[in-house]
Amino acid sequence: MPVLISKTLHDAGKAYGAFFFLRADMKNRVQGFSRDGIQVRWGLVGAQRYLKASWPVRYGLFHEIRTPSYLFQFSAEGVIRFVQGRPGTWHEHTDWFKRTAGGDWVYYSSGGYNGAFSAIGEHYIPIFPYHSNPVIGEKAYPAETLRAVLQALETLTAWAEKVAEELPPEGAAFLSCVARKNQKDTLASQADRFHELTHGPLTVLPPDCRHVDYDILPLRLARGCLYHCRFCEVKSSQTFAVEAPDHVTEQVASFSDHFKADLIHMGGVFLGEHDALAAGEGPVVAAAEACETLFSGDGRMADRPSLFLFGSPHALLNVSEAGWEALDHLPFNVAINTGVESLDPPTLDYLGRPTPVALVKEAVKRADEVMRRCRNVSVSLNMVTGDALPPSHHESLSCFVASRDTRDAPLYLSPLKDHAHRRTTMAEFTALKRISRAPLFLYLLQRL
Ligand code: SF4
């Protein structure tokens, strides 16, 4: 017979360190048993606020199964989210895999990257199973390790199915759920369904999504973008158009149905696609209000979820005083990301970017004003970089960075594909970091 263990949350907290921010309604739920050298625990509660950490912090309600080789951690609904090798089984046992809602297994490398925080604002480097950020990180994606992990997960689901039959009801329910929801085909169809709902895979998300580890619900408010810049590889060919209001509410209902209890793991919403702010302040505020229900359940991860969106320079300048006020009063941390790309006219021409420098400067000024005036709205800026860009771009970038103040809008640098060699780009970035008083990071492109 398996040994049933019931722990208080206090005990569970000790096992995971002292970094829990607990909600009263989530106490005393941890139960578990061990059998065949495998330890099963469900109803664990992790951190309730996002932390900047170099170790694998777990958030919200989760469950876990420890085998001699792996630690498998599951969402509230019992879907696999994290896998870590046990000490002695992986070369880097402090690293971990995370499965995204879109079905990608991202490898989090937390060792050997002392400059990670300086480069991307996090204490780890995510390594993706697709070509994305050649400038950041050196490690290759550990495809062989993932193959072994997936094989171990298959073995675990078979074990769970068998053992569930011999357990008391609660343990049986948990293991049956693990067996049912984590088979290869089930996980694949779940990812496909997510992409159907989100018009994905989405190839680009605002860089500020890193603050909630990309645990976001992508909801499309508008299609296409205003500029159709020549250099851009992620643009949609569609003419800019705002979605009908019922499209937004339908997506909200679909997310509720798809994620169910796993909504508690979500840190926010991404209002897509490339320029949701250009839909206008009214539709943005209405979409945000429609999303409130997604974050109203018990035990949700985010007390104050985030609302991420891109906003072009034109869109940023079109928001009225009343619009900023309305955005600032939403129950979200609103994070707008504005691509200004360059302050150098020859470079804007080279990029095929139809935004005159005067407009770009106005947008930067507005972003800085918002950073000072709004309590719950932030604006970050993007600029391109790459040694193949005109020298005048690098000069204007350096002058711009040197002029920034600590309270100004953060700047993300986006190395241009086929234009940026790793060594020169990192050398320029390091030099810019030295002269910048405002936050400056590299833009990490992550898909979902
Ligand atoms: S950079 Fe932005 S505005 Fe320009 S084409 Fe790409 S998505 Fe559109």
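Counting starts at 1 for both ligands and their atoms, in listed order. Counting begins at 1 with the first residue of the sequence.
Heavy-atom proximity to Lys235, at under 4.0 Å, picks out these atoms of ligand 1: 5 (S), 6 (Fe). Close approach of ligand 1 to Tyr227 (heavy-atom distance below 4.0 Å) involves ligand atoms 3 (S). Applying the 4.0 Å criterion to heavy atoms of His228 picks out, from ligand 1, the atoms 5 (S).
Each of Phe74, Phe62, Phe174 was scored for a ring pair (Phe, Tyr, Trp, His ring centres under 6.0 Å) with Trp42, with one residue passing: Phe174.
The protein atom (non-hydrogen) at minimum distance from atom 6 (Fe) of ligand 1 is Cys232 SG, 2.3 Å.
Distances from atom 4 (Fe) of ligand 1 show that Cys229 has an N/O/S atom below 2.8 Å.
For the pair Arg210 and Phe441, the cation-pi criterion (under 6.0 Å, within 45° of the ring axis) is fulfilled.
The closest side-chain donor-acceptor pair between Glu92 and Ser109, if any, does not fall under 3.5 angstrom. His421 and Asp387 share a side-chain donor-acceptor pair at under 3.5 Å.
We find that Arg437 and Asp408 are not joined by a salt bridge, their nearest charged nitrogen and carboxylate oxygen being 4.0 Å or further apart.
Proximity of Cys225 to ligand 1, defined as any heavy-atom pair under 4.0 Å, is confined to the side chain (atoms from C-beta onward).
In this structure, Glu233 falls outside the shell of residues with a heavy atom less than 4.0 angstrom from ligand 1.
Within a 6.0 Å radius of CZ in Arg375, other residues, nucleotides and ligands contribute 12 heavy atoms or fewer.
Of the candidates Arg230, Arg353, His314, Glu273, the one placing a heavy atom closest to atom 2 (Fe) of ligand 1 is Arg353.
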